[in-house]
Amino acid sequence: MLGKVLKKDFNSTWRFFLPLMGGYIVAAGVGKVLFEILLSVMDSSGHTSKVSEAMAVFSFFYLMICVVYLVACYLMTSVFVIYDFYKTMVSDHGYLTHTLPVKTSTLIWSKVLIAVLWQVVVNVIISLSVLLIFTGHFSQLHVRELLRLIAVSWEDTTTVHSIYTIINMIVEGFHRPLLFFACIALGQQWKEHRIIGAILAYIGISVASQILNTIVIVIVGFRLYDYPLSGYMLYSMIFNMGTSVAFFFITNHMLSKNLNLE
């Protein structure tokens, strides 16, 4: 049943993400062309015309816009995930969603997995677009030296540190959407001000998390493991796992026992 719900959620979300990703791919392609123009103008020092200078200025500002678009892709990914959950789970559309012969927990899992999927897609597309823009100029950017330094740095880190880094990245991918979903589930208890309720829930959870983090760090310090950084990463991993589970149960309880679609 989870597979069918995943397919349904994918079909309802790709309409949001396809224009966003398509627009970014086109922008990255144009950015590649303008980046080459900018470099060619910079290389022809002392022999540039006013048209060339104007193209260089335009190319520079366009690349700045591409950077803004890149940040917007990350932000809009979260916005689309939140909007889809709100629309299909707690708005009028929720009447149809909750009549499906599916457990509420299955619906939530589907939303979480779809959110993680689109996060991965966005990261892959943005990474490839950056590689596209700088293709042919890696020697100028001293990429080999940079990779060598990264390799040396990676060798200096402990195996435990590396494992914690990977696990934390995976956990964070699930933690963020579950946090948003829990806030929306709590906010829908406010009949007339659902969005305000969700925002207040987000603020409250964020403040409580920061206070708890501060207390733990002050009391325990970084002596959670042999290495200070690994110790903090271990705590962060455990904390995010624990809160993710809590967010899931809060969302599941609110939407299955205290659902309010009026």
Mind checking whether [X] and [Y] have side chains closer than 4.5 Å, heavy atoms only?
| X | Y | result |
| --- | --- | --- |
| Leu212 | Phe239 | yes |
| Thr251 | Phe85 | yes |
| Trp109 | Asn252 | no |
| Ser78 | Gln119 | no |
| Leu113 | Leu117 | no |
| Ser91 | Arg194 | no |

Residues forming a side chain to side chain contact (heavy atoms under 4.5 Å, CB included) with [X], sequence neighbours excluded:
| X | value |
| --- | --- |
| Ile199 | Ile195, Ile203 |
| Val124 | Val120, Leu128 |
| Met76 | Leu20, Val79, Phe80 |
| Ile250 | Ala182, Leu186, Met254 |

Sequence neighbours left out, what passes side-chain hydrogen bond (donor to acceptor under 3.5 Å, both in side chains) with [X]? Give chain and number order.
| X | answer |
| --- | --- |
| Tyr83 | none |
| Thr13 | Trp118 |
| Thr77 | none |
| Ser244 | none |

Hydrophobic clustering (ILVMFWY, side-chain heavy atoms < 4.5 Å, transitive) - are [Y] and [X] grouped together?
| X | Y | value |
| --- | --- | --- |
| Leu18 | Ile126 | yes |
| Tyr202 | Val207 | yes |
| Ile205 | Leu200 | no |
| Trp190 | Leu255 | no |
| Ile196 | Leu179 | no |

- Step-by-step side chain to side chain contact (heavy atoms under 4.5 Å, CB included) determination, Met21 to Val122: CA-CA 7 Å; Met21 296 297 98; Val122 169; 3.7 Å; yes
- Task: Run the numbers on Phe17 and Val121 for side chain to side chain contact (heavy atoms under 4.5 Å, CB included), then give the verdict.
- Result: CA-CA 10 Å; Phe17 289 95; Val121 170; over 6 Å; no
Quick one: closest heavy-atom pair of [X] and [Y], and the distance?
| X | Y | value |
| --- | --- | --- |
| Ile167 | Met237 | CG2-SD, 3.2 Å |
| Thr88 | Asp84 | OG1-O, 2.7 Å |
| Pro19 | Arg15 | CD-O, 3.1 Å |

- Item | All pairs passing salt bridge (Lys or Arg N to Asp or Glu O under 4.0 Å) where residues 171-185 contributes a residue, at least two apart | none
- Task: Can you tell me which residue pairs pass the salt bridge (Lys or Arg N to Asp or Glu O under 4.0 Å) test with a partner in residues 251-260, sequence neighbours excluded?
- Result: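 Checked against salt bridge (Lys or Arg N to Asp or Glu O under 4.0 Å) - neighbours excluded - no pair reaches residues 251-260.
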- To the nearest 0.5 Å, what is the distance between CZ (Phe247) and SG (Cys183)?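 These two atoms lie 7.0 Å from each other.
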Side-chain polar contacts of residues 2-10 - donor-acceptor pairs under 3.5 angstrom, sequence neighbours left out - could you list them?
from	atom 1	to	atom 2	distance (Å)
Asp9	OD1	Lys111	NZ	3.1
Asp9	OD2	Ser110	OG	2.4

- Query: How does the hydrophobic cluster around Met169 look, that is, which other residues are in it when side-chain heavy atoms under 4.5 Å mark a link?
  - Reply: none
